[in-house]
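Accompanying notes for the structure given below.
Here is how names work: the chains are called A, B, and so on, in the same order as the sequence lines, proteins then strands, and each is numbered from 1.
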Amino acid sequence: MLTTRPRGTNDFLPGETEKWQYLEDLLRTVCREFGYREIRIPIFEHTELFQRGVGETTDIVSKEMYTFFDRSERSITLRPEGTASTARAYLEHKMYALPQPTKLFYMGPMFRYERPQAGRYRQFHQFGVEAFGSSEPAVDAEVIGLAMEIYRRLGLNGLEVHLNSVGCPNCRKKHREKLQEFLIKNLNEFCPDCRERFEKNPLRILDCKNAKCQELSQGAPTTLDCLCPECGEHFDKVKGYLDLAEIKYVIDERLVRGLDYYTKTAFEIIVKEIGAQSAICGGGRYDGLLESLGGEPTPGVGFALGMERIFPTLETQGINISIEKPLDVFVATLGDEADKVGFQILMKLRQEGVKSEKDFLGRSLKAQMKHAGRFNARITIIIGETELSRGVVVMRRMDTSEQIEVSLNDVVKVVKENLF
RNA sequence: GUGGGUGUGGCGAAGCGGUUAACGCACCGGAUUGUGGCUCCGGCACCCGAGGGUUCAAGUCCCUUCACCCACCCCA
């Protein structure tokens, strides 16, 4: 159908776009204060970037990417997330030569071929930050603090920071072995999905919703049980910095991130308002990512948040972030001559930064007044033939209905005086 | 990809086999000739997501399809 948008995409209409602008401004402001600078990365990349960066076995790469061949037979993919591109750009532009850490943020559309539902779309928008070049736990905490500051300024309540550490590759290997050892005893009693997960991703068994599986996995070794001394120390320090920043968190040893690049710190910010899609923000440390893309070993930590998921949350919490402003002036005219003069005045008002409007449908004066009222105009300028012949116009204050005559030459000046 | 629910004008919502498809909001116009927010009057669905079928007759039954919602999965 020609008049139907592709599944999972959205048109954002006036009324909504103002809210997006408000959010975008807020994100940029907070980032500026935290020392994160904007990077704009391509909407599409070489497919290999995501295969390597995100991981071949992840759902995102294995079944959710929009991949196609361009006219030169290159495999191209619409970006499903922003971290891989940002890391690529960091290496490509040798940002490691800059004072470290390099702190970046991005926002924009991402694409994943998934079944749409509330809070989940095929084209959706992420805002994300990445800090490259420091393995200090304080950066992990800063990044979490940045996310929380955004939500704080939006006025959101009831957010929970879920925190875990998945350790380094060594810890992960050790944990996987211990976990499988634990699970194999009762493997046949787990649900079919979990039996599948046993080989592919045993960690996932821990957050299966099936009550039976929950029960069976009680007491299973957690990633935290298997942290090496270095990773353990890192995790403790992250918690320490979060305490210093007075950021509350809950340890969630079942929290696992789905992308291959995560190491050590993993976190999610959870909110209850959007049904099944409760993760409003997710991130962590990815010390192996840059190396896997062919760069020098470089630590990194960051997060991404789903912008679409913020709006329903705001709404159910009764928070309005609209930045729509009422109209300053409506210019109503009567007759052809007056209409021309009205148009001139309108354009002059706008040169002076006055938000102003006129009728463009040849409506009756009555209808124009009605229109002005609907726009919530503060002032209406009324121009008729009789006023025109005397070189004046009528200025009406819409709240009090007071009207005065103003000389044609002074309209703009007088209007401005009455507005400010 | 799997399971469940829904689909009537711009929005909300009746109708559940039978003449011109209620109603509310919104929108447009009018109520003596040049003035808003209240009130009153009028207008606004060759058609009930799309396609096909059953029937003398379908928005109302059946099939297919599409979209949306919820859950699984996964994630932001």
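Protein atom CG of A:L13 is 11 Å distant from nucleotide atom P of B:C11, rounded to whole Å. For the pair A:E64 CD and B:C75 C1', the computed distance is 7 Å after rounding to whole Å. A:D399 places its CG atom 12 Å from the C1' atom of B:G36, with the value rounded to the nearest Å. We find that CZ of A:F375 is positioned 15 Å from C1' of B:G37, with the value rounded to whole Å. Atom CD in A:E308 sits roughly 17 Å away from atom C1' in B:C69 (whole-Å rounding). The distance between atom CD1 of A:I150 and atom C1' of B:A76, rounded to the nearest whole Å, is 13 Å. Residue A:H371 contributes atom NE2, which lies 10 Å from atom P of B:C27 at whole-angstrom precision. When the C1' atom of B:C69 is taken as reference, atom CZ of A:R120 falls 13 Å away, rounded to whole Å.
The aromatic rings of A:Y36 and A:F34 lie tilted to each other, with the angle between the two planes from 30° to 60°. Ring geometry for A:W20 against A:F311 counts as tilted: the plane angle lies between 30° and 60°, on a 0 to 90° scale. Under the 30°/60° scheme for interplanar angles, the aromatic rings of A:F12 and A:H125 are found to stand perpendicular.
Looking only at distances, no side-chain donor or acceptor of A:K348 sits under 3.5 Å from a matching main-chain atom of A:V412.
Taking the C1' atom of each, B:G7 and B:G51 are spaced 15 Å apart, rounded to whole Å. Distance check on atom P: B:G49 versus B:U35 gives 45 Å, rounded to whole Å. Distance check on atom P: B:G24 versus B:G42 gives 11 Å, rounded to whole Å. Between B:C62 and B:C69, the two C1' atoms lie 24 Å apart (nearest whole Å). If you take atom P in B:A21 and the same atom in B:C38, they sit 32 Å apart, rounded to whole Å. To the nearest whole angstrom, the two C1' atoms, one in B:A13 and one in B:U8, are 9 Å apart. Nucleotides B:C16 and B:U55 are separated by 23 Å at their P atoms, to the nearest Å. Rounded to the nearest Å, the gap between the C1' atom of B:G12 and that of B:C56 is 36 Å.
Regarding contacts with the backbone of B:C28, a side-chain N or O of A:R363 is found under 4.0 angstrom from either OP1 or OP2.
Among the heavy atoms of the strands lying under 4.0 Å from A:G119 is at least one base atom, whether or not backbone atoms are also near. Nucleic acid contact class of A:Y121 (heavy atoms, under 4.0 Å, all strands): base. When heavy atoms are screened at a 4.0 angstrom cut-off, A:I280 is found touching the sugar-phosphate backbone but no base atom.
Under the Watson-Crick and G-U wobble criteria, each requiring two contacts below 3.5 Å, nucleotide B:C72 is paired to B:G1. Across all strands shown, B:A67 forms a Watson-Crick or G-U wobble pair, both distances under 3.5 Å, with B:U6. Of the nucleotides present, B:C27 is the one that pairs with B:G43 by Watson-Crick or G-U wobble criteria, both distances under 3.5 Å. Base pairing annotation: B:G37 forms no Watson-Crick or G-U wobble pair, as no partner gives both donor-acceptor distances under 3.5 Å.
Below the 3.5 angstrom threshold, one finds no donor paired with an acceptor across the side chain of A:R374 and the base of B:C27. For B:C72, the base has no donor-acceptor partner in the side chain of A:R115 [N/O atoms by modelled type, under 3.5 angstrom]. In the interface, the side chain of A:R112 is not paired with the base of B:C75 through any donor and acceptor atom under 3.5 Å apart. In the interface, the side chain of A:Q403 is paired with the base of B:U35 through a donor and an acceptor atom under 3.5 Å apart. Below the 3.5 angstrom threshold, one finds no donor paired with an acceptor across the side chain of A:T380 and the base of B:G36.
Between A:L408 atom CG and A:I345 atom CD1 the span is 5.0 Å, to the nearest 0.5 Å.
Judged purely by distance below 3.5 Å, without hydrogens or angles, the side chains of A:S85 and A:E45 pair a donor atom with an acceptor atom.
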